[in-house]
Structures are given as structure tokens and as C-alpha cells.
Amino acid sequence: GLQRHHVYPALLQESGVLDSFVGMLTSTAPGEQTRALGVMAKIVKLRRVDLLSEVAKSHPDRHVRQRLAALLGLPAPVA
């Protein structure tokens, strides 16, 4: 049910799985970006943009921040 939808993204984040998908956003390997975007889109659909917004602000890779900002409809990061 609904409870699982809120727990699942948090588990992804805590286990580091979310980080690996975020890292795939700038991957050059075939299909990895598409797969990562699919996962991000599911998290957005679950209305758990709080997690992704945090990563979009704090991730060390500017390209990752830009991809997440675009996906979430946030202003593009400047730095």
C-alpha cells in the first residue's frame, strides 16, 4: 500500500542504491542513463522529490545536479 511507497525511496537512499542510480545519470555506458532516468521518474511519481531535490542541491558532480534539476523542474544549478 501507500506506506511502502514512502519507505521504498528512503531504503534506496540509505542503502546507497539511489546514489548509484544518480551516478548513472552521467554514465556513457549504453542504456545506463535511460535506466537511471526511469528510476528517478518513478521516485518523482511517488512524490518523493524531497530526496532527489536534496541530491540535486548537494551532489558534487555539476552534471548530475543539472540532470536532476531538469528532471524535477528546478532552476538549473549555477555552480
Considering the options Gln66, Arg65, Arg67, which one meets the side chain to side chain contact (heavy atoms under 4.5 Å, CB included) requirement together with His59? Arg65
Any heavy-atom pair between the side chains of Leu25 and His63 that's under 4.5 Å? no
Nearest heavy-atom pair of Ser53 and Leu74: which atoms, and what distance? OG-CD1, 4.3 Å
Out of curiosity, Met40 CE to Met24 CE, how far, rounded to the nearest 0.5 Å? 8.5 Å
Please give me the minimum heavy-atom distance between Ala56 and Ala69, naming the atom from each residue. CB-N, 4.3 Å
Using only atom types and a distance under 3.5 Å, with no angle test, would you say the side chain of Glu32 pairs donor to acceptor with the backbone of Ser27? no
